[in-house]
Number of protein chains: 2
Amino acid sequence: MTAPDRERRAASSAAAAAGAQIQRRRRQRGMSQAELARRTGLSKATLSQLEAGAGNPTIDTLDAIAVALSIPLTDLLTRDASPGTVHLPATAASDEGPTRELLRRISGGHSLELWRLRLPAHTSVDGVPHAPGTVEHLLVASGRLVAGPADDSRPLKTGDLLAFAGDAPHAYRTEDVPADVTVVIASPAVG
Amino acid sequence: MTAPDRERRAASSAAAAAGAQIQRRRRQRGMSQAELARRTGLSKATLSQLEAGAGNPTIDTLDAIAVALSIPLTDLLTRDASPGTVHLPATAASDEGPTRELLRRISGGHSLELWRLRLPAHTSVDGVPHAPGTVEHLLVASGRLVAGPADDSRPLKTGDLLAFAGDAPHAYRTEDVPADVTVVIASPAVG
DNA sequence: ACCATTCGTTCACTATAACGAACGAATCCT
DNA sequence: AGGATTCGTTCGTTATAGTGAACGAATGGT
């Protein structure tokens with residue numbers, strides 16, 4: 001890469017986005033730059049410049065930060081906004097004939113993770129906030145639970161679908177019955 | 001970061017994984033290192049070392065490569081889900097404590113559809129072949145069925161996950177018990 | 001056979017990412 | 001108030017990511 005090329009890319013969205021992301025996640029955890037510096041083994045100077053969007057971090061630097069923040073490396077490279085909560089109650093199964101029902105469609109540019117979440121009765125689990133723009137889908141395979149964003153959680157039963165923003169604090173909680181839940185996480189990718 | 005720290009991380013999985021990923025995607029496109037160097041504006045030397053897993057690229061370098069390969073930046077940092085058919089049998093639920101299990105990860109650039117498929121007993125349904133590159137995921141919420149590509153279908157029970165290429169002919173078939181299946185269809189974004 | 005390309009690698013050099021140290025501004029104690 | 005921390009920033013220095021040139025090996029044309 002030539003020097004001019006590098007300059008032209010200096011204000012590159014990738015580096016700036018990563019910087020913003022680092023700052024956001026750090027503050028989310030009530031962590032100071034100094035403390036993050038201690039945990040990562042990086043210098044305060046480096047973090048300061050990165051968060052200012054001025055830097056061009058190496059993959060090792062980003063990895064160290066991701067580890068210290070307990071998030072996947074890729075979460076530092078994703079961005080943007082989040083939708084509202086959608087609750088689709090289970091529909092009655094028809095007695096005869098197979099049914100095919102479209103629950104939800106999300107348009108392009110997403111990465112995808114499928115998780116299985118098993119909760120015994122009377123259990124509460126906090127969800128790890130994901131990258132901004134991440135949408136989380138809960139499909140209740142069996143049981144009951146209360147789940148969703150901290151400020152808008154819903155009671156769910158077998159067959160229900162709940163979609164909500166995965167970048168805000170959220171939690172799953174069972175009461176008298178255990179729950180078996182499939183979680184589909186769709187994250188927008190930076191291209 | 002101190003010098004010893006850096007050395008210790010030299011064989012870091014993050015850098016090595018990125019290197020492997022770069023090589024894989026480049027070859028997939030029948031592109032030589034030299035040509036990728038031209039398109040990215042990077043030197044051949046840099047690419048050679050990165051693919052060898054020896055490097056520690058900056059975010060700008062990775063971004064340039066991602067752009068040249070027309071893939072989201074995050075794809076360079078992600079292990080791709082294996083392309084073939086994958087069958088993940090249900091795991092036993094632990095008696096105590098919640099379990100969180102990553103079933104599958106698919107890198108960016110996908111649109112997403114969630115379907116619910118309900119099959120009465122003794123029913124057979126042909127799946128519509130989707131666009132090339134589409135991956136279909138079956139999550140068995142309850143019951144049993146035999147499903148998958150026409151030439152490689154598998155018996156599935158409650159809790160199983162089956163992933164297979166959705167662009168080939170495939171079918172779902174129940175025997176003595178009905179089945180309730182969540183289908184996640186990931187299609188590569190157009191463009 | 002020969003020369004011309006193109007490939008991926010290695011090496012010395014240059015540009016720069018990350019560092020350590022010092023700074024002023026806030027905040028919290030006596 | 002005064003001293004002690006802790007914060008985030010800025011500075012000069014050091015370690016290293018990326019460069020350009022040269023290399024041997026492989027391929028293609030004449």
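Numbers restart at 1 for each chain; the letters A, B, ... are given by sequence-line order, proteins then strands.
A donor-acceptor pair under 3.5 Å links the side-chain atoms of R116(B) to the main chain of G159(A), judged by distance alone. The closest donor-acceptor contact from the side chain of T174(A) to the backbone of P120(A) lies under 3.5 Å.
Contacts of T46(B) with the nucleic acid, taken as non-hydrogen atoms under 4.0 Å apart, include base atoms.
In this structure, L50(A) atom CG and dT16(C) atom P are separated by 16 Å, rounded to whole Å. Counting to the nearest Å, the C1' atom of dT16(C) and the CG atom of L42(B) are 15 Å from each other. One can place CG of D60(A) at 11 Å from P of dG18(D), the figure rounded to the nearest angstrom. As a whole-Å value, the separation of I59(A) CD1 from dT16(D) P is 17 Å. Here the C1' atom of nucleotide dA17(C) and the CG atom of L62(A) are 12 Å apart, to the nearest Å. The nearest whole Å value for the distance from the CG atom in D63(A) to the P atom in dA17(C) is 19 Å.
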Derivation and outcome, salt bridge (Lys or Arg N to Asp or Glu O under 4.0 Å), residues R25(A) and D75(A): CA-CA 10 Å; R25(A) 297 310 204 94; D75(A) 277 20; 3.4 Å; yes

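Among T58(A), I59(A), L62(A), the single residue meeting the side chain to side chain contact (heavy atoms under 4.5 Å, CB included) criterion with I59(B) is L62(A).
Contact detail for E136(B) and I185(B): the closest heavy-atom pair is CG-CG1, 4.0 Å. Contact detail for I22(B) and L36(B): the closest heavy-atom pair is CG2-CD2, 4.3 Å.
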Summary of protein contacts for nucleotides 4-11 of chain C, nucleotide by nucleotide, where a base hit scores B, a sugar-phosphate-only hit scores S (4.0 Å, heavy atoms): ---SBBB-

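Between dA18(C) and T58(A), a contact under 4.0 Å exists linking OP1 or OP2 to a side-chain N or O.
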